[in-house]
Amino acid sequence: MTKKGRVFSGARPTGRQHLGNYLGAIRNYVALQAEYDCVYCIVDVHALTTVETTQDLKLNTFEMALDWLAAGIRPDESILFVQSHVPEVMELHTYLSMVTQLGKLTDLPTFKEKIRQQPENINYGLVGYPVLMTADIVLYKSDVVPVGIDQAPHIEFAREIVRSFNYRYDTKALIEPQVKHTEVLKVIGIDGKDKMSKSLNNHIELASTPEETIKRVREMVTDPARQRRTDPGNPDVCNVFTMHKIMSPQVEVDMINTECRIAGIGCVDCKLRFATNLNKHLEPFRAKRAELVSQESYVQDVLHDGGQRARAIAQKTMIEVREAMQLP
Ligand code: ADP
């Protein structure tokens with residue numbers, strides 16, 4: 001079947017993935033494979049702008065790749081690779097940086113947020129983060145980038161850089177990527193407050209055992225106004241109910257929606273039902289993960305092969321880029 005074009009997406013190596021990563025990104029990556037030629041990149045170079053030590057970088061990259069593969073990324077069809085395995089991206093980043101205005105980079109809300117988050121480490125790489133991201137996208141001649149509406153300005157920025165480059169060197173060597181809007185599903189953590197995230201330790205790991213999952217789900221914060229089992233609850237403000245709506249069969253969702261409001265079902269029972277459904281949903285993932293772990297060096301082989309395939313595309317693009325720039 002001919003595919004609609006090439007998709008590119010990258011994520012920093014954050015190690016074992018959580019339910020937020022799965023519902024907000026990985027699930028979509030898996031689905032896109034049916035229609036697009038997909039290039040998925042673990043952006044270890046980008047990670048260097050924020051990590052204090054590289055001690056865990058290898059393990060985090062490995063664990064993340066393992067989770068993506070277990071979730072359904074098909075390495076024979078898609079390219080799964082590590083950013084630093086294709087050093088051409090660093091070269092393209094340098095060339096693109098010459099057609100990018102510094103003021104625009106320092107004005108970006110994401111850069112300003114980083115200044116707030118790590119005032120003691122405002123490194124040069126942080127400023128150039130969007131330029132490196134653009135280099136990633138265009139190096140592989142990607143047509144579309146799947147992002148939620150909140151991230152669309154980043155892709156618009158990438159398009160601007162591409163237009164500046166193509167205009168400056170009177171070329172069509174680089175392709176302006178299109179945004180592929182995806183439904184933004186923001187998964188709230190077990191604290192019931194913030195976005196699920198590893199750094200806040202409010203996450204549920206996909207690779208955890210069914211018992212660990214139950215334990216984590218039991219810690220989930222429900223409707224804070226419901227103090228006692230006999231108090232009626234409000235599912236509209238309860239994160240457990242939100243998760244039921246994503247994971248559980250409709251009949252169960254309807255039952256909880258009715259029974260919670262009249263104190264017919266308690267929070268403990270409601271959470272256990274969610275944990276059961278979640279564990280059921282994750283069964284194939286966990287089985288596949290265990291199988292992949294048992295195949296020695298499988299993940300490394302996939303990443304190595306992906307890197308080579310990505311590099312072959314990158315090298316062709318760079319020939320065109322250097323030619324367009326009339327580099328001696
Ligand atoms: P990065 O900063 O490289 O995007 P993250 O680990 O923050 O790395 O996120 C990886 C992917 O998972 C992103 O697409 C992000 O939107 C998605 N994601 C992370 N946490 C959540 C969440 N709580 N809800 C929905 N999507 C999430």
Side-chain angles (χ1 to χ4, degrees), residues 7-32 38-51 56-57 59-73 80-84 89 108-111 113-114 116-118 125-126 128-130 132-137 142 144-155 157-158 179-207 216-217 220-221 239-240 242-243 245-247 278 285:
V7 153
F8 178 91
S9 191
R12 285 172 299 137
T14 49
R16 288 186 170 204
Q17 301 288 281
H18 56 68
L19 203 50
N21 299 132
Y22 176 66
L23 297 171
I26 306 169
R27 195 171 59 159
N28 189 33
Y29 286 179
V30 172
L32 284 167
C38 298
V39 179
Y40 295 131
C41 181
I42 301 179
V43 294
D44 58 337
V45 182
H46 272 119
L48 300 177
T49 59
T50 53
V51 294
D56 299 329
L57 214 51
L59 183 64
N60 282 343
T61 300
F62 172 84
E63 294 270 10
M64 183 155 141
L66 188 54
D67 279 352
W68 285 14
L69 291 165
I73 300 294
L80 174 61
F81 76 110
V82 179
Q83 189 181 28
S84 65
V89 76
L108 286 173
T110 37
F111 177 65
E113 195 186 317
K114 277 283 174 280
R116 274 195 297 275
Q117 283 171 355
Q118 51 181 65
L126 270 184
Y129 199 108
L132 183 58
M133 193 174 112
T134 305
D136 269 328
I137 298 168
S142 319
V144 284
V145 184
V147 290
I149 240 153
D150 56 333
Q151 284 195 23
H154 291 177
I155 309 307
F157 193 76
V179 169
K180 183 173 168 53
H181 282 299
T182 50
E183 188 198 346
V184 209
L185 189 79
K186 185 172 149 185
V187 179
I188 301 297
I190 60 169
D191 55 6
K193 210 168 63 212
D194 294 306
K195 190 172 159 177
M196 185 176 282
S197 144
K198 226 175 177 168
S199 54
L200 295 173
N201 192 23
N202 64 359
H203 62 298
I204 298 174
E205 255 175 28
L206 302 175
R216 229 31 196 157
V217 170
M220 284 178 81
V221 172
N239 188 34
V240 178
T242 306
M243 296 309 293
K245 283 194 280 189
I246 300 171
M247 287 280 166
L278 177 58
F285 165 86

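Each ligand, and each atom within it, is numbered from 1 in the order the structure gives. The shown structure was predicted, so the numbers you read here are calculated from the model rather than taken from an experiment.
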For ligand 1, run through the N/O pairs with the protein that fall under 3.5 Å and put one pair on each line.
residue	atom	partner	partner atom	Å
ligand 1	2 (O)	R12	NE	3.1
ligand 1	2 (O)	R12	NH2	2.4
ligand 1	3 (O)	R12	N	2.9
ligand 1	3 (O)	R12	NE	3.4
ligand 1	12 (O)	N21	ND2	3.1
ligand 1	23 (N)	V187	O	2.9
ligand 1	23 (N)	M196	N	3.2
ligand 1	23 (N)	M196	O	2.9
ligand 1	24 (N)	V187	N	2.9
ligand 1	26 (N)	G20	O	3.2

Taken to the nearest 0.5 Å, the spacing of L126 CG from L132 CG works out to 11.5 Å
Which atom pairs, donor and acceptor, lie under 3.5 Å between side-chain atoms of residues 39-49 and protein residues at least two apart or in another chain?
residue	atom	partner	partner atom	Å
Y40	OH	Y29	O	2.7
D44	OD1	S84	N	3.0
D44	OD2	S84	OG	2.5
H46	ND1	Q83	NE2	3.3
H46	NE2	Y129	O	3.2
T49	OG1	H46	O	2.6

pair T134-I137: side-chain heavy atoms closer than 4.5 Å: no
Check: V179 and V144 side chains under 4.5 Å, non-hydrogen atoms: no
Checking side chain to side chain contact (heavy atoms under 4.5 Å, CB included) between V187 and each of M243, H18, H203, which is the one that passes? M243
Would you call V30 and I73 a side-chain contact if the rule is heavy atoms closer than 4.5 Å? yes
